[in-house]
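Okay, structure first, notes after.
Values below: all heavy atoms of this structure, side chains included; hydrogens, waters and symmetry mates excluded.
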Amino acid sequence: MKIFLLLIAHCIGDFSLQPMALAVKKKESFKYQLLHSLIYTICLSLVFLLYTGILKFIVLFVLTFFIHLLIDYLRIIISKNKNATFQLIAFFGDQLLHIIMLIINSKVLIDLNQIGVRLYHLHKYVKIILGFALVLAPASVTVKHILFAVDQNTSSDICVDNDRVGSLIGKLERVIIVILGMMNLYTSIALVFTAKSLARFKQLEDKSFAERYLVGTFLSLLFGLIAIIIIKS
């Protein structure tokens, strides 16, 4: 349960509570890097509270804050290269470092404390929360990075993408896929893509758009299926 809780905190702290406006400001001012690192650390510290005493909590809080700040600072420096493929590699490298940090944290957090024991009965909902947390902001940002990299003519920052309606549609699409999967209504998932395709029918005549549409749709389906596997495992 430890790693699942940490992943939920990561999804919320590094994605859901980091809107595009904050992601842009981070690159312009160090104080916003500090703000984001503090928000991220507070999210993870809520998990630390379930497992540690006060001394270990303080140590983990401080280490998490500075490690996250360092990872973000290095990525901001590296991401000055606006090439979309390079930004995609930097994004996955950033997430890999964070996952390694979470795994190390999970090894440090050993036994539940009194707070954790009292909340242990909620453990059956942890996988469900993780599944839905994954298909929202993390999936949306990842899909955008991949789509930018797929378009060889792209030379812009992911943070300036303003397709909010498309992002919302993608999130709703993945949430519906997960809900249908939890209900074992897998054949009904086809209806989601049918409705989506009808709305984009005219645009699909453009080969370039159709290719991006298919890549985005398959990525959304992939994230939805991964979430279903996590929930049902």
Side-chain angles (χ1 to χ4, degrees), residues 1-20 22-23 36-52 57 60-61 64-65 67-68 71 91-92 94-145 164 167-186 188-189 192 219-233:
M1 186 174 71
K2 291 178 290 186
I3 190 64
F4 288 148
L5 287 171
L6 289 169
L7 284 170
I8 291 171
H10 173 71
C11 289
I12 294 173
D14 209 29
F15 292 94
S16 299
L17 296 182
Q18 185 182 194
M20 287 296 180
L22 178 57
H36 169 63
S37 294
L38 179 60
I39 293 172
Y40 181 85
T41 305
I42 289 174
C43 289
L44 260 66
S45 68
L46 295 177
V47 180
F48 300 158
L49 282 174
L50 304 177
Y51 287 91
T52 65
F57 173 84
L60 286 174
F61 188 97
T64 299
F65 177 83
I67 291 173
H68 180 78
I71 293 174
F91 169 74
F92 279 118
D94 172 276
Q95 293 306 307
L96 177 61
L97 290 175
H98 278 98
I99 290 174
I100 292 172
M101 180 184 73
L102 297 180
I103 292 173
I104 294 174
N105 282 336
S106 71
K107 301 298 182 182
V108 175
L109 303 175
I110 303 174
D111 297 318
L112 289 166
N113 55 27
Q114 292 183 352
I115 299 174
V117 170
R118 291 177 182 177
L119 297 176
Y120 184 74
H121 65 283
L122 299 175
H123 74 278
K124 58 185 177 181
Y125 301 110
V126 170
K127 290 182 180 179
I128 297 175
I129 296 172
L130 176 58
F132 282 102
L134 179 65
V135 299
L136 293 173
S140 182
V141 174
T142 303
V143 169
K144 285 181 181 179
H145 272 287
R164 295 182 180 180
S167 178
L168 178 59
I169 291 173
K171 290 175 182 178
L172 291 173
E173 171 187 326
R174 292 186 290 273
V175 167
I176 293 172
I177 288 173
V178 174
I179 292 173
L180 291 174
M182 291 173 63
M183 298 171 65
N184 293 319
L185 299 174
Y186 293 102
S188 299
I189 293 176
V192 177
L219 286 172
S220 272
L221 177 60
L222 177 61
F223 271 102
L225 293 176
I226 290 173
I228 293 170
I229 292 171
I230 291 173
I231 292 171
K232 292 198 168 187
S233 63

Close side-chain approach of Leu22 to Pro19, heavy-atom, < 4.5 Å:
yes
Enter the distance from Leu221:CG to Phe223:CZ here, rounded to the nearest 0.5 Å.
11.5 Å
Closest heavy-atom contact between Ile177 and Ile228?
O-CD1, 3.6 Å
Does Gln95 have any side chain to side chain donor-acceptor pair (under 3.5 Å) partners at least two apart in sequence or in another chain, and if so, which?
His10, Asp14
Partner of Leu102 under side chain to side chain contact (heavy atoms under 4.5 Å, CB included), picked from Thr64, Leu44, Val47, is Leu44
State which residues pass side chain to side chain donor-acceptor pair (under 3.5 Å) with Lys171; sequence neighbours excluded, sorted by chain then number.
none
Any non-hydrogen side-chain atom of Leu5 less than 4.5 Å from a side-chain atom of Tyr51?
yes
Are Phe92 and Thr142 packed together at the side-chain level, in the sense that at least one heavy-atom pair is separated by less than 4.5 angstrom?
yes
pair His68-His36: side-chain heavy atoms closer than 4.5 Å:
yes
Applying ring-ring contact (aromatic ring centres under 6.0 Å, His included) as the test, list every pair that has at least one member in residues 100-120; sequence neighbours left out.
Tyr120-His123
At their closest point, which heavy atom of Thr41 faces which heavy atom of Phe65, and how far apart are they?
OG1-CA, 3.1 Å
With Asp111 via side chain to side chain donor-acceptor pair (under 3.5 Å) - residues at least two apart:
none
Do the side chains of Phe48 and Asn105 get nearer than 4.5 Å, heavy atoms only?
yes
Below 4.5 Å, heavy atoms only, C-beta onward: do Ile189 and Tyr186 meet side chain to side chain?
yes
Taking side chain to side chain donor-acceptor pair (under 3.5 Å) as the test, write out the residues that go with Ser106, two or more places apart.
none
Residue list, side chain to side chain contact (heavy atoms under 4.5 Å, CB included) with Ile179, at least two apart or on another chain
Phe132, Val175, Met183
Apply the test side chain to side chain contact (heavy atoms under 4.5 Å, CB included) to residues Ile39 and Gln18: give CA-CA distance (whole Å), side-chain angles for both, the deciding distance (0.1 Å), then the verdict.
CA-CA 9 Å; Ile39 293 172; Gln18 185 182 194; over 6 Å; no
